[in-house]
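A short write-up of the structure that comes next.
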Amino acid sequence: MPPEAADIFRTASRAASIMDAGQLEMLVVLEPHMQEVRLPAGAPIYKAGEPSDAIYVIDDGDVRVEVHSHEVDTDTVLEYRGAGSFLGDTGVLAKLPRWTSAYAHTDVLLHRVSADGLRRVYEESPAEGVAILRALSRDTATRAERAARQLADHLADDQPDPEVERLVAAAGAPQ
């Protein structure tokens, strides 16, 4: 077994509890198109506004996904992703520029698959290409649903606080 394939299988076995069988199979299909990337903590993986030219599979470490805030010098952390997670798939699937930034929160080991590499898999093996699209779409949809639930929880928690309302009304009365 070539060293790269051995790395993929090690990654797959580490991530087996996180990934489903379709995702593990996808790693094997994508292996010839993967490039290993090692980054130290704090290093950017990609930044908002850049072209969505690749997806990443996190093999080891934690990645921080951020969106820029309108507040000066403030970024908002959307989520942290660890081993077995995909990064950058939303932009590649939608053919849109990146809307988030991703940074190595700890030292990370990633595998990068270019959009061209994905396209070659689709052309060379349509059945495997469809399976990859399904796995990436399922991952994207799961994250979108999780974000929608978090937003719904946040909005539900945004009910007026009677004590705060009373204090605001009392403060406005002398004016």
Side-chain angles (χ1 to χ4, degrees), residues 1-16 18-68 75-147:
M1 176 181 313
E4 298 84 17
D7 288 342
I8 297 301
F9 286 111
R10 271 195 296 282
T11 297
S13 57
R14 276 198 311 266
I18 300 167
M19 302 178 120
D20 65 27
Q23 289 170 310
L24 294 174
E25 194 173 305
M26 181 179 77
L27 290 178
V28 174
V29 171
L30 290 174
E31 186 272 325
H33 305 283
M34 289 183 162
Q35 172 190 9
E36 185 178 288
V37 179
R38 291 181 185 272
L39 296 170
I45 299 166
Y46 56 77
K47 293 189 177 183
E50 294 177 347
S52 295
D53 61 350
I55 65 167
Y56 297 85
V57 180
I58 304 170
D59 293 339
D60 195 28
D62 294 312
V63 171
R64 188 176 68 250
V65 179
E66 299 179 355
V67 63
H68 183 69
D75 284 323
T76 304
V77 176
L78 292 178
E79 64 181 333
Y80 292 90
R81 295 193 199 157
S85 298
F86 298 106
L87 269 179
D89 47 317
T90 304
V92 170
L93 290 171
K95 294 186 178 180
L96 294 172
R98 305 222 188 261
W99 68 278
T100 60
S101 298
Y103 298 91
H105 189 65
T106 63
D107 291 349
V108 295
L109 171 62
L110 308 155
H111 275 89
R112 180 184 189 275
V113 181
S114 71
D116 288 338
L118 283 172
R119 199 172 7 268
R120 281 195 300 276
V121 170
Y122 305 152
E123 291 168 358
E124 294 166 4
S125 179
E128 290 174 334
V130 167
I132 289 168
L133 281 174
R134 283 187 180 140
L136 291 173
S137 297
R138 186 173 41 253
D139 184 67
T140 299
T142 300
R143 284 196 322 272
E145 184 175 339
R146 184 174 42 236

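- Looking at His111 and Leu30, their side chains never come closer than 4.5 Å, going by heavy atoms from C-beta outward.
- Here the CG-CH2 distance, from Leu78 to Trp99, works out to 5.0 Å after rounding to the nearest 0.5 Å.
- We find the CD1-NE2 distance between Ile55 and His33 to be 11.0 Å, quoted to the nearest 0.5 Å.
- Of all non-hydrogen atoms in Ala115 and Val92, the two that sit nearest each other are CB-CG1, 4.3 Å.
- Of the possible donor and acceptor atoms, one in the side chain of Arg81 sits under 3.5 Å from a partner among the backbone N and O of Phe86.
- Between Leu96 atom CG and Thr90 atom OG1 the span is 9.5 Å, to the nearest 0.5 Å.
- The two atoms that bring Ala102 and Val63 nearest to each other are CB-CG1, 4.0 Å, heavy atoms only.
- Under the 3.5 Å distance criterion, the side-chain polar atoms of Thr100 are left unmatched by any main-chain donor or acceptor of Val67.
- Residue Arg134 forms a side-chain contact (heavy atoms from CB on, under 4.5 Å) with just one option from Val130, Leu136, Ile132, and that option is Val130.
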### Verdict with reasoning, Leu93 to Leu133, per side-chain contact (heavy atoms from CB on, under 4.5 Å)
CA-CA 8 Å; Leu93 290 171; Leu133 281 174; 3.6 Å; yes

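- Between Asp139 atom CG and Leu87 atom CG the span is 9.5 Å, to the nearest 0.5 Å.
- Residues that satisfy the ring-ring contact (aromatic ring centres under 6.0 Å, His included) test with Tyr122, not counting sequence neighbours, are absent from this structure.
- Looking at Arg143 and Val65, their side chains never come closer than 4.5 Å, going by heavy atoms from C-beta outward.
- For residues 41-50, no pair satisfies side-chain hydrogen bond (donor to acceptor under 3.5 Å, both in side chains), with sequence neighbours left out.
- A pairwise comparison of heavy atoms in Pro97 and Gly49 identifies CB-O, 4.0 Å as the closest pair.
- Between Asp107 and Asp60, the closest side-chain pair of non-hydrogen atoms is not below 4.5 Å.
- To the nearest 0.5 Å, atom NE2 of residue His105 and atom CD1 of residue Ile45 are 12.0 Å apart.
- The pair Asp53-Arg98 meets the salt-bridge criterion, since a charged nitrogen lies less than 4.0 angstrom from a carboxylate oxygen.
- Summarising the geometry of Ala104 relative to Pro40, their closest heavy-atom pair is CB-O, 3.3 Å, with the distance given to 0.1 Å.
- The two atoms that bring Val57 and Met34 nearest to each other are CG2-CE, 4.0 Å, heavy atoms only.
- Proximity of a side-chain donor or acceptor of Thr106 to a complementary backbone N or O of Gly61 within less than 3.5 Å is not detected.
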